[in-house]
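Following this message is one structure expressed as structure tokens.
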Amino acid sequence: MAIKKPSLPKGTRDFGPLQMARRNYIFDIIKDTFKLFGFQQLETPAMENLSTLTGKYGDEGDQLLFKILNSGDYLKDVSPQDLESGAVATLSKVSEKGLRYDLTVPFARYVVMNRNEVTYPFKRYQIQPVWRADRPQRGRYREFYQCDADVVGTDSLVCELEILLMIKRVFSKLGLKDYSIKLNNRKVLAGLAEVIGVPGRESELCVAIDKLDKIGWGKVQEELVSRGFDPKDIEKLQPIIDLKGSNQEKLSFLKDFLSSSEVGIKGIEELQSVLDLLASYGSDETYVDFDVVLARGLSYYTGAIFEVKVNKVSIGSVSGGGRYDNLTGVFGLEGVSGVGFSFGVDRIYDVLEELDLFPKDQLEGTKVLVTYFDEEGVSYGLRVLAALRNSGVESELYPDLAKIKKQFTYADKKQIPYVIVLGSEEINSNKVSLKDLKTGEQTTLSIEEAIQAVKS
RNA sequence: GUGGUUGUAGCUCAGCUGGUUAGAGCGCUGGUUUGUGGAUCCAGAGGUCGCCGGUUCGAACCCGGUCUUCCACCCCA
């Protein structure tokens, strides 16, 4: 019997104790922020009915969905003709469930199913893993966590404001100082398409323009031409590509540039309102960057769109989101507007690691290790252990009777700061020897004194 | 999904144009010290060279397939 070495599925990872400590550090800051802003937690199942998921993310998205094979004889409904007509035709007969691809669609499904129970505006946050059958790369995994906060049931731009504020708070708590929150509005992009004479084709326009900082204006023009855009129309975009300056300067330029487009002007007004709200709140436009060429692929966005990039690191965007006027429409509930965004914890982790921004003392666990020499020490040690724990000191007793050196090595490896040593001297005098492993100082104290010393 | 790349000890990596028993550093275990860790010194354990097949007298090295890693495209957190 050959024993196979165990391995993980492509694009998935284990998280060891150190990694978990660091991940929880990030999770806690995000969770804290969501709660501070009045969001309530929601969890949904890892798997959804395939019919809930398909068709929401475009053709590309459908390909990236993980499908779950039906239980039992999953071939029982499949005919030879099905197999001949290919994978797509067979799929619905062998699989009716899939792993969630993001948190927004399950949220929309939840809202629709509970439309009469939820109070609007409904502010919820959700922190759960999602799965995508993508090719893994740096900062791109097949299983990763998203931390979503969305509001549905209101058109108020205060929601957009709050998203900016939450991003600022989280990044400031994480110690990130060099980043930018790119902000744009789908209506502005629609306006651009109108103004250059290709109304309704902003989606195509976006996909190409979005690559501007990556491949440059020249290549973007080539791509637009190959997508069937007229070079004369493309040329009209030149002033947009060259656009520089403060948010206000860019806005006032576009107000003029888009003056013939009703929807474009609406977009500019919305952006202006959000920035005004930011000022009213007492915050400012630091880190906020109105970026006319920010497009983002997701087709359901209709208003504001956000994306956060940390500068000078090799990771893509760490957060993104936007407003979608009719997300629940596909599930039969019309007229519910929503806006939301998501933090990518796994990418934030990679960024913090690359910038060495994790706090140094993360592996905080046990504070005191109780060590001893013989059986007599075990029973005395358990008494000491109970006293420590009753006083709220994280502590443990070395479970095996072992050489004191081995017990010390254990403490050292686990970065336990204090060791209590119990030998016949300590037991007879009803005391403990407390050693500070950092300084090497050791003193003999009563149990109570030792607890006080450790706590201070 | 398309193209490329990587895989040798727990970790980071050597290994000359295919040639006998595959090496180093770190880590690990034990000892120096049978009441004291992190330093030094000494000793030791540990490898189906990702997996399967092929070429060859002979393969870690060449060829094919497969899995994995990372990268570009696509897309995205």
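Chain letters run A, B, ... following the sequence lines, proteins first, then strands; residues in each count from 1. Because the structure is predicted, anything quoted here is derived from the model rather than measured.
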Counting the atoms with a prime plus P, OP1 and OP2 as sugar-phosphate, which does A:Gly11 contact under 4.0 Å by heavy atoms, base, sugar-phosphate, or nothing?
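Sugar-phosphate only.
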Are A:Tyr145 and A:Phe27, when compared by the centres of their aromatic rings, separated by less than 6.0 Å?
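So the answer is yes for these two rings.
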Residue met sooner reading RNA chain B from 5', once A:Gly344 and A:Leu422 are mapped to nucleotides
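By nearest-heavy-atom nucleotide position, the 5'-most residue is A:Leu422.
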B:U6 and B:A45, which share atom name P, separated by this distance in whole Å
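Pairwise P distance, B:A45 against B:U6, rounds to 34 Å.
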For the side chain of A:Gln442, starting at C-beta, report the closest nucleotide among B:U36, B:U32, B:C75.
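Per side-chain heavy atoms of A:Gln442, the pick is B:U36.
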Mind checking A:Glu143 for me? I need base, sugar-phosphate or nothing, with any heavy atom below 4.0 Å counting as a touch.
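Contact class for A:Glu143: none.
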May I ask you to verify whether the side chain of A:Arg132 and the base of B:C75 hold a donor-acceptor pair under 3.5 Å?
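No, no donor-acceptor pair under 3.5 Å.
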Which of these nucleotides, B:U68, B:U29, B:G38, is closest to any side-chain atom of A:Asp412?
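Looking only at side-chain atoms, A:Asp412 lies closest to B:G38.
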Give the intermediate values and the outcome of side-chain hydrogen bond (donor to acceptor under 3.5 Å, both in side chains) for residues A:Tyr410 and A:Lys414.
CA-CA 6 Å; A:Tyr410 175 78; A:Lys414 255 184 113 171; 3.3 Å; yes
Just call it for A:Gln63: base, sugar-phosphate, or nothing, with non-hydrogen atoms closer than 4.0 Å on any strand.
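It contacts nothing in the nucleic acid.
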If you measure from the P atom in B:C41 to the same atom in B:G58, how many Å do you get, rounded?
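So the two P atoms sit 46 Å from each other.
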Mind checking if A:Gly440 touches a base, just sugar-phosphate, or nothing, with heavy atoms under 4.0 Å?
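It contacts base atoms.
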A:Lys406, nearest nucleotide to its side chain (from B:A77, B:G35, B:G30)
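So the side chain of A:Lys406 is nearest to B:G30.
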Could you check how far CZ of A:Arg13 sits from C1' of B:A77, rounded to whole Å?
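Whole-Å distance recorded here is 11 Å.
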Just the rounded figure in Å: distance from P of B:A77 to CD of A:Gln128.
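From A:Gln128 CD to B:A77 P: 17 Å.
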May I ask you to say what A:Val421 touches in the nucleic acid, namely base, sugar-phosphate or nothing, with a heavy-atom cut-off under 4.0 Å?
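A:Val421: base contact, heavy atoms under 4.0 Å.
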Separation of A:Arg138 atom CZ from B:U68 atom C1', in whole Å?
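A:Arg138 atom CZ is separated from B:U68 atom C1' by 18 Å.
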Would you please indicate if the ring centroids of A:Phe358 and A:Tyr349 are separated by under 6.0 Å?
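Yes; A:Tyr349 has its ring centre under 6.0 Å from that of A:Phe358.
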Using the P atoms only, state how far B:G53 lies from B:A72, rounded to an integer number of Å.
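Looking at atom P only, B:A72 and B:G53 are 35 Å apart.
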Using atom C1' of each nucleotide, how far apart are B:A60 and B:G38 to the nearest Å?
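So the two C1' atoms sit 38 Å from each other.
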Calculate the interatomic distance between A:Phe306 atom CZ and B:C76 atom P; express it in whole Å.
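After rounding, the gap between these two atoms is 17 Å.
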Interatomic distance where CG belongs to A:Asp134 and P belongs to B:C70 [whole Å]:
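Value for this atom pair: 13 Å.
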Choose from B:C75, B:C28, B:C71 the nucleotide whose nearest atom is closest to any side-chain atom of A:Gln137.
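Closest of the options to the side chain of A:Gln137: B:C71.
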Are A:Tyr418 and A:Val393 packed together at the side-chain level, in the sense that at least one heavy-atom pair is separated by less than 4.5 angstrom?
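A:Tyr418 does not reach A:Val393 side chain to side chain.
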On a whole-Å scale, what distance lies between the C1' atoms belonging to B:G10 and B:C52?
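That atom pair is separated by 26 Å.
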Could you give the distance separating B:G4 and B:A14 at their P atoms, to the nearest angstrom?
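It comes out at 24 Å once rounded to the nearest Å.
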What is the distance, to the nearest angstrom, from the CG atom on A:Leu103 to the P atom on B:C76?
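The distance from CG of A:Leu103 to P of B:C76 comes to 16 Å, rounded to the nearest Å.
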Please determine whether a side-chain nitrogen of the Lys or Arg among A:Arg138 and A:Asp350 lies less than 4.0 Å from a carboxylate oxygen of the Asp or Glu.
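Looking at A:Arg138 and A:Asp350, the cut-off is not met.
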Do we see A:Phe144 stacking on the base of B:A77, given a limit of 5.5 Å between centres and 30° between planes?
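Stacking between A:Phe144 and B:A77: present.
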Report which part of the nucleic acid A:Lys10 touches: base, sugar-phosphate, or nothing (heavy-atom distance under 4.0 Å, all strands).
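Contact class for A:Lys10: sugar-phosphate only.
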Counting any heavy atom closer than 4.0 Å, what does A:Lys309 reach on the DNA or RNA strands: base, sugar-phosphate only, or nothing?
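Result for A:Lys309 = nothing.
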When you measure only distances, ignoring hydrogens and angles, does the side chain of A:Gln407 come within 3.5 Å of the base of B:U36 through a donor and an acceptor?
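A donor-acceptor contact between them is absent.
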Does A:Lys403 reach a base, just sugar-phosphate, or nothing at all? Heavy atoms under 4.0 Å.
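Sugar-phosphate, backbone atoms only, no base.
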Heavy atoms under 4.0 Å, any strand shown: does A:Ser424 hit a base, just sugar-phosphate, or nothing?
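Base contact.
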So, the side chain of A:Thr371 versus the backbone of A:Ile420: is there a donor-acceptor pair under 3.5 Å, distance only?
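A pair under 3.5 Å: yes.
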In whole Å, I'd like the distance from the CG atom of A:Asp374 to the P atom of B:G35.
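My rounded result for the distance is 10 Å.
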Contact check, side chains of A:Glu48 and A:Val105, non-hydrogen atoms, under 4.5 Å:
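Heavy-atom side-chain distance check fails, nothing below 4.5 Å.
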B:C70 to B:C63 separation - P atoms, rounded to the nearest Å:
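The answer is 25 Å between these two P atoms.
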Would you indicate which nucleotide in B:A77, B:G37, B:G35 comes nearest to any side-chain atom of A:Ser433?
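Out of B:A77, B:G37, B:G35, the nucleotide with an atom closest to A:Ser433's side chain is B:G35.
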Base, sugar-phosphate, or nothing: which does A:Thr409 touch, judged by heavy atoms less than 4.0 Å apart?
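Sugar-phosphate contact only.
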Between B:C75 and A:Lys211, is there an OP1 or OP2 to side-chain N/O distance shorter than 4.0 Å?
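Answer yes for this pair, as a side-chain N or O of A:Lys211 is under 4.0 Å from OP1 or OP2.
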Base, sugar-phosphate, or nothing: which does A:Ile404 touch, judged by heavy atoms less than 4.0 Å apart?
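Sugar-phosphate: the residue A:Ile404, judged by heavy atoms under 4.0 Å, touches backbone atoms but no base.
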According to the interplanar angle, ranging from 0 to 90°, do the rings of A:Tyr179 and A:Tyr287 count as parallel (below 30°), tilted (30 to 60°) or perpendicular (above 60°)?
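Plane angle under 30°, so parallel.
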What is the nucleic acid contact for A:Tyr145, judged by heavy atoms within less than 4.0 Å: base, sugar-phosphate only, or nothing?
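Counting heavy atoms under 4.0 Å across all strands, no contact is made by A:Tyr145.
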Please identify each residue that fulfils side-chain hydrogen bond (donor to acceptor under 3.5 Å, both in side chains) with A:Gln41, with sequence neighbours left out.
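Scan of A:Gln41 (side-chain hydrogen bond (donor to acceptor under 3.5 Å, both in side chains), adjacent residues dropped) gives A:Tyr125.
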When Watson-Crick pairs (N1 to N3 and N6-O4 or O6-N4) and G-U wobble pairs (N1-O2 and O6-N3) count only below 3.5 Å on both distances, what is the dot-bracket string of RNA chain B, with | for other-strand pairs?
((((..(..((((.....[...)))).((((.........)))).....(((((..]....))))))..))))....
When the C1' atoms of B:U8 and B:C73 are considered, how many whole Å apart are they?
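After rounding to an integer number of Å, I get 32 Å for this pair.
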Specify the residue among A:Gly139 and A:Tyr410 whose closest nucleotide of RNA chain B lies further upstream toward the 5′ end.
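Going by which nucleotide is closer to the 5' end, it is A:Tyr410.
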If you check every side-chain atom of A:Arg135, which of B:U69, B:A72, B:C75 has the closest atom?
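Among the listed nucleotides, the one closest to the side chain of A:Arg135 is B:A72.
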Is a side-chain N or O of A:Arg347 found less than 3.5 angstrom from the main chain of A:Gly139, in a donor-acceptor match?
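Judged by distance alone, yes, a pair lies under 3.5 Å.
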Separation of A:Asn428 atom CG from B:G35 atom P, in whole Å?
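Those two atoms, CG and P, are 16 Å apart.
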Heavy atoms, side chains only, cut-off 4.5 Å: are A:Asp148 and A:Phe107 in contact?
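No, every pair of side-chain atoms sits at 4.5 Å or beyond.
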